[in-house]
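Since we're looking at a predicted model, the values are computed, not measured. Chain letters run A, B, ... following the sequence lines, proteins first, then strands; residues in each count from 1.
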There are 2 protein chains.
Amino acid sequence: MNESAPAAFAYKPLYVQVKDQLVRRMIDGEWQPGQLIPSEMELARQVGVSQGTIRKALDAMTTENLLIRRQGRGTFVASPEESRILFQFFRIVPDSGETTFPDSRVLTSARSVAEGTEAEALGIREGDDLWRFERVRAIRDEPVLVETIRLPADRFPGFGDLPQIPNNVYGLYSQRWGITIARASERLKAVGATAGDAARLRCARGDPLLEITRIAYDLENKPVELRVSRCLTRTTHYTSELR
Amino acid sequence: MNESAPAAFAYKPLYVQVKDQLVRRMIDGEWQPGQLIPSEMELARQVGVSQGTIRKALDAMTTENLLIRRQGRGTFVASPEESRILFQFFRIVPDSGETTFPDSRVLTSARSVAEGTEAEALGIREGDDLWRFERVRAIRDEPVLVETIRLPADRFPGFGDLPQIPNNVYGLYSQRWGITIARASERLKAVGATAGDAARLRCARGDPLLEITRIAYDLENKPVELRVSRCLTRTTHYTSELR
DNA sequence: GAGTGGTCTAGACCACGCG
DNA sequence: GCGTGGTCTAGACCACTCC
């Protein structure tokens with residue numbers, strides 16, 4: 001392939017180099033979410049490696065949920081519109097087991113300035129501009145959680161001018177700014193409801209809430225969203241699979 | 001390979017059949033935790049397939065944390081003694097980020113009878129015998145969580161005769177009864193501390209706790225342990241990676 | 001140097017989706 | 001029937017570990 005030979009001190013297998021090159025096409029917007037990408041044989045010709053090596057790169061991207069492969073149809077760029085992706089990043093489910101996705105109602109939205117912990121989490125400097133908005137999410141009209149989302153202003157130009165914010169914000173990030181959320185890291189704690197939480201969630205002050213602090217990363221592994229959710233878990237729970 | 005041809009209505013790729021066959025060797029105790037298994041070439045000869053097919057089966061088992069492969073040395077059965085396995089099933093970490101593993105102190109241990117929800121979780125019948133024990137776990141002498149563990153008595157004969165219960169119970173399950181915990185499923189809720197929790201965790205009654213309900217499964221995907229942990233998260237948190 | 005797992009290649013055939 | 005991804009094979013060479 002048309003790439004410099006791997007240096008002895010930093011050996012990278014060919015298929016990893018190929019994978020990085022293909023991810024780059026997604027970052028650059030050449031391959032957009034939902035799009036059908038060329039077949040394995042075609043990519044092998046383009047990149048100049050064997051079909052088996054292309055396959056290894058595509059398989060790695062598939063296990064990272066960047067691609068979706070369909071036998072007989074082709075390989076597609078994963079899209080945040082699809083329901084399977086929604087649930088990839090939403091782990092609060094009703095105890096009953098049904099798979100309902102919550103509605104959202106935005107409470108406040110404003111431009112502000114990053115404080116120390118916010119800046120650290122988002123990899124920006126203290127004092128840099130942020131978009132910050134707060135919303136309540138409900139399942140079957142029962143409020144389940146209240147969350148505050150913070151976005152670095154320079155990555156989301158014009159965010160404040162939006163007439164409204166959709167339920168699925170990862171779809172919005174993708175469509176409006178070409179930002180794909182590739183992975184996220186969460187920290188969970190149990191906390192007591194504040195007076196504000198209590199009013200919004202129709203519970204008592206001090207009631208136990210599940211607090212989820214999430215940092216979401218883009219394709220280049222840079223943090224792009226900080227989200228703190230405080231959830232009522234009377235009739236719902238957070239699921240986690242350990243393997 | 002010496003296996004009947006796949007039926008048309010239930011096609012299973014050859015490498016999956018091989019994988020099932022190799023997992024069977026672990027279930028039957030032919031391959032024990034920590035043991036070096038035969039090389040790819042040797043297995044290919046034994047099973048009667050190509051080395052590439054053996055490799056696919058071994059890779060699948062490696063991603064499920066059943067095997068550990070070391071270039072130049074060989075392939076080993078994963079062992080619950082190794083630190084990496086311990087943290088695979090322990091997601092409570094200090095906020096500071098250090099990786100300390102908690103001590104345990106057993107409070108109560110008794111034989112009892114399965115109630116409805118316990119029986120359902122463990123896939124046994126209501127009224128079947130259970131071992132049930134409760135312990136407090138501490139990091140640096142600070143109590144962090146109190147947990148109750150329930151085991152189906154027929155899978156763990158002689159459990160009640162043990163002089164003491166070690167910190168790492170998954171190592172015990174493996175050594176004493178040949179039971180390997182392959183995966184676990186957790187449900188998290190925020191709850192208020194009971195009077196009993198408060199006394200054991202040195203907190204106030206009603207303080208918010210993170211309640212983790214875990215069902216752990218063996219190599220045959222049968223539930224073998226039900227565990228409910230109630231955790232103080234003042235200086236610790238539960239981590240979760242979303243991909 | 002011998003043996004192991006890891007990568008890369010090339011080619012054949014199978015299962016699937018669609019026209 | 002054609003093109004796609006999925007499986008299976010066979011063989012070469014590379015990187016790593018240990019003697």
Side-chain angles (χ1 to χ4, degrees), chain A residues 1-22 31 34-78 82 84, chain B residues 1-22 31 34-78 82 84:
Chain A
M1 68 181 279
N2 49 3
E3 195 71 27
S4 59
F9 56 86
Y11 168 69
K12 260 195 182 178
L14 186 52
Y15 76 93
V16 176
Q17 299 174 44
V18 171
K19 183 196 147 200
D20 291 345
Q21 185 178 329
L22 300 182
W31 289 350
Q35 184 180 328
L36 174 68
I37 71 171
S39 72
E40 294 180 350
M41 290 306 286
E42 171 58 22
L43 286 173
R45 273 191 294 274
Q46 285 182 18
V47 179
V49 301
S50 78
Q51 187 218 12
T53 299
I54 290 290
R55 171 178 293 274
K56 253 202 126 174
L58 295 179
D59 282 348
M61 293 170 73
T62 301
T63 59
E64 290 176 28
N65 291 310
L66 300 180
L67 297 176
I68 298 171
R69 315 195 71 182
R70 288 197 234 271
Q71 188 173 126
R73 295 190 56 195
T75 303
F76 300 80
V77 179
E82 296 171 47
R84 51 173 296 284
Chain B
M1 72 183 276
N2 49 4
E3 197 71 27
S4 59
F9 56 86
Y11 168 70
K12 259 196 183 178
L14 186 52
Y15 76 92
V16 175
Q17 298 173 44
V18 172
K19 182 195 149 199
D20 291 345
Q21 184 178 330
L22 299 183
W31 288 351
Q35 183 180 330
L36 173 68
I37 71 171
S39 72
E40 294 180 351
M41 291 305 286
E42 172 57 23
L43 286 172
R45 272 191 295 273
Q46 286 182 16
V47 180
V49 301
S50 78
Q51 186 219 12
T53 299
I54 290 289
R55 171 176 294 273
K56 253 201 126 173
L58 295 179
D59 282 348
M61 292 170 73
T62 302
T63 60
E64 291 177 29
N65 291 310
L66 300 181
L67 296 177
I68 298 172
R69 315 195 72 182
R70 289 196 235 269
Q71 189 173 129
R73 296 189 55 194
T75 303
F76 299 80
V77 180
E82 296 171 48
R84 51 172 297 282

#### Entry: Under the side chain to side chain donor-acceptor pair (under 3.5 Å) test, residues paired with B:Glu40 that sit two or more places apart
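In terms of side chain to side chain donor-acceptor pair (under 3.5 Å), with neighbours along the sequence ignored, B:Glu40 is linked to B:Gln51, B:Arg55, B:Arg69.
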### Message
Let's see if you get this right: which residues in residues 53-70 of chain B place a heavy atom under 4.0 Å from DNA chain C?
### Response
B:Arg55, B:Arg69, B:Arg70
### Task
Give, ordered by number, those residues of residues 34-41 of chain A having at least one heavy-atom distance below 4.0 Å to an atom of DNA chain D; if nothing qualifies, reply none.
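Those residues are A:Ser39, A:Glu40.
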### Task
Please report, rounded to the nearest Å, how far the C1' atom of C:dC8 is from the CD atom of A:Gln17.
12 Å
### Query
What heavy-atom pair brings A:Val18 and A:Ala57 nearest, and what distance separates the two atoms?
CG1-CB, 3.8 Å
### Summary
With the side chain defined as heavy atoms from C-beta on, A:Ser50 is closest, among C:dG5, D:dC8, C:dT9, to C:dT9
### Task
Any chance you could measure B:Asp59, atom CG, to B:Ile54, atom CD1, to the nearest 0.5 Å?
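Nearest 0.5 Å value for the CG-CD1 distance: 11.5 Å.
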### Task
Could I get the full list of side chain to side chain contact (heavy atoms under 4.5 Å, CB included) partners for B:Glu64, not counting sequence neighbours?
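Partners of B:Glu64 by the side chain to side chain contact (heavy atoms under 4.5 Å, CB included) criterion, ordered by chain and then number, come out as B:Lys19, B:Leu66.
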What pairs of nitrogen or oxygen atoms, one from the protein and one from nucleotides 13-16 of chain C, lie under 3.5 Å apart?
from: C:dA15; atom 1: N3; to: A:Gln71; atom 2: OE1; distance (Å): 2.9
from: C:dC16; atom 1: O4'; to: A:Gln71; atom 2: OE1; distance (Å): 2.9

### Task
Starting at CD1 of A:Ile68, measure out to CD1 of A:Ile37 and round the result to the nearest 0.5 Å.
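It comes to 11.5 Å.
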## Note on the structure
From CG of A:Leu14 across to P of D:dC14 the rounded distance in Å is 14 Å
### Message
Would you say that A:Thr75 contacts A:Thr62 through its side chain, given a criterion of any heavy-atom pair below 4.5 Å between the two side chains?
### Response
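They are not in contact (no side-chain heavy atoms under 4.5 Å apart), so the answer is no.
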#### Entry: Value in whole Å for how far the P atom of D:dT7 lies from CD of A:Gln51
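Computing the A:Gln51:CD to D:dT7:P distance gives 13 Å.
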### For B:Pro38, all residues meeting side chain to side chain contact (heavy atoms under 4.5 Å, CB included), sequence neighbours excluded
B:Trp31, B:Glu42, B:Leu43, B:Gln46
### Query
For the pair made of NZ in B:Lys19 and C1' in D:dG6, what is the distance, rounded to whole Å?
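So the NZ-C1' distance, B:Lys19 to D:dG6, works out to 17 Å.
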### Where B:Ser50 and B:Ala44 come nearest, the two heavy atoms and their spacing
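Closest approach of B:Ser50 to B:Ala44: C-CB, 4.0 Å.
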### Message
Rounding to an integer number of Å, can you tell me how far B:Phe76 CZ sits from C:dT4 P?
### Response
12 Å
